Structures are given as C-alpha cells and as structure tokens.
Amino acid sequence: MAKIESAFFDLSYLENLAGGNTPIHRLDPRIKVLTTAIFMLCVVSFDKYIISAMLPFGLFLVVIMGLANIPASYLVKKLLLVSPFAIMVGIFNPFLDQQPLLQLGTYTITGGWISFLSILLRFTLTVSAVLILIATTGFNAICMAMVKMHMPKIFAVQLLILYRYIFVLIDEGLCMHRARALRSFQRRAMSLKTFAHLVGQLLLRTLDRAQRIHLAMLCRGFDGTIRIRQILCIKAADLFALAGCAGLFFIMRYYDLPEMLGRFVTGLIA
Amino acid sequence: MSHHIVEVQDLNHTYPDGTKAVRGISFRIHHGESVAVVGANGAGKSTLLLHLNGYLTPQTGTVRIGDFPLTKATVANIRKTVGMIFQNSDDQLFMPTVYEDVAFGPQNLGLPPEEVELRVVDALNRTNVAHLRERPPYKLSGGEKRAVAIATVLSMSPDILVMDEPTSNLDPKARRALIELLGGFQHTKIIATHDLDMVLDLCERTIVIHEGKIMADGPTVTIFQDVELLAASHLEKPLRMQACPVCNSSAQAI
C-alpha cells in the first residue's frame with residue numbers, strides 16, 4: 001500500500017517541479033519537445049558498441065538539471081524504478097555475444113558486456129531526458145505543444161483526460177485497498193479471488209464515472225471536439241535555444257569528443 | 001417574464017432492469033422560484049433531475065422547459081437554458097485547469113475568445129474563486145471544487161439552475177458560504193437534497209417525493225411541520241425546527 005501511495009505523491013511532486021520558474025521552465029514547450037526528440041534520436045542512433053561518445057549527452061542533461069533546479073536524487077529513484085525493463089532487454093547480450101573486444105590484464109571483456117552497458121546508458125539518457133522534459137514543462141503543456149505540432153487532437157484529449165482522472169482513480173483504488181487491508185488482519189497477501197473482485201469493482205466504478213463525466217460534458221454543449229486554449233508563442237530566444245541544442249547534439253553525435261579529448265591529453269603528455 | 005417555467009406532466013420512467021423510478025410526476029415551477037425536491041434515498045430525485053436537462057427523454061408524459069417541449073430536437077437549446085450542478089464535483093471538472101473548465105461551455109457555444117474571457121472572469125468572480133484560475137482541479141479542496149463547478153455552469157448564463165445535493169461533503173463553513181452564494185442568485189432554482197436546513201434557508205417551496213410519486217407540494221414551512229408526512233417519506237424535521245436537547249429551549253420559530 002505504501003508503495004502505491006508514494007507513487008501517487010511522486011506524481012504530484014513532478015507536477016510541483018513543473019511549476020518552477022527558471023530559464024529552462026520558461027522555454028516554449030514545443031521547443032523542449034523538439035529538443036528532447038532530437039536528443040533521443042541522436043542517442044539511439046549510436047552503434048551498439050559505443051559507450052564513450054554518449055557520455056557528453058549525459059553531461060548535457062546534468063547541466064540542464066542544474067539550470068532547472070531538478071533534484072538528482074528524485075531522478076535517480078525514478079530511473080531505478082524502471083531500470084528492470086532495460087536490464088531485461090540487455091541481460092542476455094553477455095551470453096550470446098562472446099566476441100572479445102578488450103583485454104584488461106587477464107580479463108577479457110566481450111562485446112556482449114559492452115553492448116549491455118551501452119543499452120543501460122542509452123536507457124538512462126533517454127528516460128532522464130523525458131523525465132526532465134516533464135519536470136520542466138508539465139504534462140498538460142506538453143500535450144498542448146503536441147497539438148500545436150499537429151498531433152491528432154483525439155490523442156491529446158485522451159492524454160489530458162487520463163492525466164486529470166488518474167489522480168481520482170488512484171484515490172479510489174487506494175480507498176478500496178485500505179478497506180480490504182483493514183479487514184484482512186494477519187493475512188497480508190491478497191488472494192487472487194479478492195484481487196479479481198477489487199479490480200472488477202474498480203472497473204465498474206470507472207465506467208459509472210465515465211458516464212457521469214460524459215453527462216457533465218453534454219450538459220455544457222459538448223459536440224465531439226474539445227477546444228483547448230492555446231497561448232503558446234515562440235520567441236527569438238526559444239529558436240536560438242533550439243538551434244544551439246540541435247547543433248550541439250549533432251557535434252556530439254558525429255565526433256567522439258571524449259576520445260578526442262583523450263588523444264589531445266595523451267598527445268600533450270607524449 | 002413567464003418563459004423560464006419548468007413544467008412536468010405525468011412523467012414516468014422505468015429503467016431497463018424494471019425499476020420504476022418515476023411514476024406519474026407533475027408540477028409547474030415559475031420564473032425565479034426556488035424549489036427543493038426532497039425524499040428518501042432512491043425515491044427518484046436523481047432520475048427526475050436527469051429529465052430536466054434532457055439526459056433522459058420522457059418515456060411517457062411531457063417536460064417543458066421555457067417555450068420548448070423536451071425532445072431530441074430541442075435538447076441543445078434546453079441544455080443552454082438549464083445549468084446542472086452535479087453531486088460529485090470531480091465528475092464536473094474534467095479539464096486540466098480551472099480556467100479551461102469554466103471556458104469549456106462558452107467555447108462550445110461558439111463564442112469569440114474575448115467574450116469567453118469575459119464570461120469566465122465574471123463567473124469566477126461571482127463564485128469568489130478568481131484566485132484559483134490556473135490551478136488544476138485535483139488540487140482544490142471540496143468547497144473550492146464545488147464553487148468552481150458552479151462557475152462552470154454560470155459561465156453559460158443559464159436561466160435555470162438544477163442542483164443535486166449541493167451541500168454534500170462540505171464542511172460547515174463551506175456549506176454556509178455556498179448557501180449565501182446560492183441565495184444571491186436570481187435564477188430559477190431546483191435543488192434535490194437531504195439537507196433540510198438548507199432548504200429552510202433557500203427554498204420557499206418544497207416537493208416531497210416518495211417511491212417515484214409526489215407526496216406533497218407546497219410552502220416549505222408548512223410541509224416541514226407535518227410530522228406524519230415527513231415520517232412517511234423517510235424524512236424528519238430540519239434540526240433547527242427540533243427542540244434543543246442541551247438547553248431544553250423549544251424550536252426556533254420559523
């Protein structure tokens with residue numbers, strides 16, 4: 001129960017972060033969405049054995065987090081929460097790909113381990129980028145930005161309503177969970193049968209609520225389209241930021257900066 | 001003005017499972033009247049209210065709102081005239097921010113943006129929640145949600161307000177504020193409720209419903225003194241009209 005509840009508060013926390021007022025928060029949401037998209041494309045397009053060339057992207061995220069006042073501990077917690085998915089994706093690489101790539105003393109590092117690390121790094125970069133996007137923009141503003149960029153409105157409306165009612169749904173689910181926990185005494189695990197009843201009950205309540213919400217919309221003249229207020233405007237600074245970030249990403253994508261730095265430093269020493 | 005009347009004649013409604021929720025209800029409510037609909041749980045109050053804004057169309061009998069009989073063709077017009085306030089405000093506030101929620105109705109009416117802005121500001125001011133404008137609805141308190149829900153309806157400038165349990169789940173202060181707010185409105189008001197003390201404050205006329213039929217229809221004060229009628233309809237006198245158990249003083253004279 002504690003887990004569900006803390007997940008709920010985390011969601012509100014993310015929304016609180018989005019209410020901040022830093023240069024990053026003030027950028028136009030569309031610019032931030034586009035920048036995030038380019039960032040992700042660059043990161044996922046690297047070859048599967050690449051690690052070092054991706055590191056500057058991590059540095060970029062750290063700088064943005066600093067500018068936007070986003071606590072790293074929060075981000076790390078979220079990353080750990082979803083990391084099992086990435087680990088599952090890459091866990092078999094070390095076994096399948098036994099080709100030796102690197103010799104460290106007596107240890108041989110195979111291509112599998114390198115690509116596994118590469119997957120984890122990509123995962124960390126992309127998920128952090130999205131979390132930072134939401135924490136500096138807010139979910140609703142992102143939806144609005146996507147509508148402006150011609151995402152079909154129906155998706156936007158679905159997302160907006162989902163985001164509005166997820167709080168109500170979690171509340172309702174928590175209530176039912178608490179009611180069950182209070183009457184099940186020593187037995188902590190929920191039997192499958194009880195679980196089925198709870199979920200069924202929640203579904204029925206959700207259907208009822210959906211009907212009432214639809215009624216409320218009809219009462220106010222709903223005719224199938226939701227008109228979302230659009231107050232976005234792109235300033236010169238926004239375009240400058242987009243161009244700057246995109247340029248930086250392409251440089252980081254096509255030049256292996258850490259390697260160049262390494263060569264430069266070793267060149268100085270030699 | 002006589003055209004804001006609400007007239008229901010011999011209305012019946014049977015749900016698909018066979019429950020007869022409304023059986024032959026008739027009444028006529030005039031312009032500017034404030035009427036309470038009271039009755040036990042499951043007496044048919046909510047079903048009756050759903051007819052008043054066209055969510056349900058009469059199976060038999062007629063409903064007339066203003067100059068229009070309620071049919072599929074007039075439903076859009078009727079929804080413009082009748083503002084409905086739901087028992088659960090969460091059902092009514094479905095947009096991401098308070099502003100957008102209040103603007104939802106006027107935008108659907110096809111009003112130009114400046115007019116929408118005017119109406120939203122006016123509605124929020126009238127319900128004293130102008131400061132909540134940019135907040136997301138899930139962060140509001142119960143009383144604030146109720147006030148915003150009323151603003152969403154006011155922004156459409158309805159002539160008739162229909163409310164389902166407006167004071168439920170409110171703390172006493174929020175309840176008092178709501179009663180004062182509603183008391184200041186000039187609209188025709190139809191309020192379904194169990195809060196009989198609020199009825200004393202707001203409604204000069206009361207309709208008592210029991211098992212889908214009208215048990216009584218008359219001045220609130222007369223009805224609330226009829227102990228037998230109240231008992232038969234699963235109600236009791238408003239607390240203010242009962243003797244005080246602590247100081248033993250008799251009930252307040254109404």
Side-chain angles (χ1 to χ4, degrees), chain A residues 8-9 11-16 18-19 21 29 137-147 153 156-172 174-175 205-231, chain B residues 46 49-50 52-56 75-111 113 116-117 120 133-140 145 149 151-158 161-162 164:
Chain A
F8 177 48
F9 288 121
L11 207 57
S12 318
Y13 183 65
L14 201 59
E15 202 65 8
N16 279 347
N21 187 16
T137 315
F139 196 80
N140 296 329
I142 295 176
C143 278
M144 259 184 265
M146 308 246 265
V147 171
K153 222 172 189 181
V157 169
Q158 288 287 327
L159 284 175
L160 285 178
I161 300 247
L162 173 81
Y163 196 64
R164 164 70 183 91
Y165 282 104
I166 192 127
F167 294 93
V168 179
L169 182 73
I170 292 175
D171 242 5
E172 210 152 317
L174 272 181
C175 256
R205 287 193 196 186
T206 308
L207 286 176
D208 270 355
R209 186 180 290 278
Q211 212 164 19
R212 293 199 301 270
I213 295 166
H214 183 233
L215 170 61
M217 294 169 106
L218 285 180
C219 284
R220 289 194 275 146
F222 178 60
D223 54 4
T225 48
I226 287 192
R227 294 156 183 85
I228 301 171
R229 180 175 52 139
Q230 301 181 330
I231 39 164
Chain B
S46 297
L49 292 197
L50 290 179
L52 298 182
N53 72 341
Y55 185 68
L56 297 173
V75 122
N77 246 315
I78 281 176
R79 287 188 179 143
K80 228 182 284 175
T81 323
V82 180
M84 177 114 181
I85 294 155
F86 288 69
Q87 182 172 2
N88 186 339
S89 305
D90 260 327
D91 295 339
Q92 198 159 7
L93 306 175
F94 43 80
M95 295 295 276
T97 64
V98 166
Y99 178 92
E100 276 161 294
D101 224 301
V102 180
F104 184 83
Q107 278 175 337
N108 282 332
L109 292 178
L111 298 174
V116 171
E117 171 74 24
V120 172
R133 210 181 131 108
E134 297 301 333
R135 295 268 290 279
Y138 63 85
K139 289 211 172 147
L140 305 181
K145 275 187 198 168
T152 65
V153 169
L154 286 185
S155 67
M156 302 188 52
S157 327
L161 290 179
V162 176
D164 196 354

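Worth saying up front: this structure is predicted, and the values here are computed from it rather than measured. So that the names make sense, note that chain A is the first sequence line, chain B the second, and so on, each numbered from 1.
- By the ring pair (Phe, Tyr, Trp, His ring centres under 6.0 Å) test, Tyr55(B) pairs with no residue at all, sequence neighbours left out.
- Between Tyr163(A) and Tyr138(B), the ring-plane angle classifies as perpendicular under the 30° and 60° cut-offs.
- Judged by distance alone, the side chain of Arg164(A) and the main-chain N or O of Leu93(B) form a donor-acceptor pair under 3.5 Å.
- Residues satisfying the ring pair (Phe, Tyr, Trp, His ring centres under 6.0 Å) test with Phe104(B), not counting sequence neighbours, are Phe94(B).
- The parts of Pro96(B) that come within reach of chain A are both its backbone and its side chain, each placing non-hydrogen atoms under 4.5 angstrom from that chain.
- Residue Lys139(B) touches chain A through its side chain alone, counting heavy-atom pairs closer than 4.5 Å.
- Contacts of Thr152(B) with chain A are made by both backbone and side-chain atoms, with heavy-atom separations under 4.5 Å.
- A distance-only check finds no donor-acceptor pair linking the side chain of Asn53(B) to the backbone of Cys219(A) [under 3.5 Å].
- Counting heavy atoms from C-beta on, the side chains of Gln92(B) and Arg212(A) never come closer than 4.5 Å.
- Neither the backbone nor the side chain of Phe139(A) comes within less than 4.5 Å of any heavy atom in chain B.
- Contact count against chain A (heavy-atom pairs under 4.5 Å) is highest for Met156(B) among Lys80(B), Met156(B), Met84(B).
- Using a 4.5 Å cut-off between heavy atoms, Asp101(B) contacts chain A through both its backbone and its side chain.
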side-chain contact (heavy atoms from CB on, under 4.5 Å) assessment of Asp90(B) paired with Arg209(A): CA-CA 9 Å; Asp90(B) 260 327; Arg209(A) 186 180 290 278; 3.8 Å; yes

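- Each of Ile213(A), Leu215(A), Asp223(A) has some count of heavy-atom pairs under 4.5 Å with chain B, and the biggest count is that of Leu215(A).
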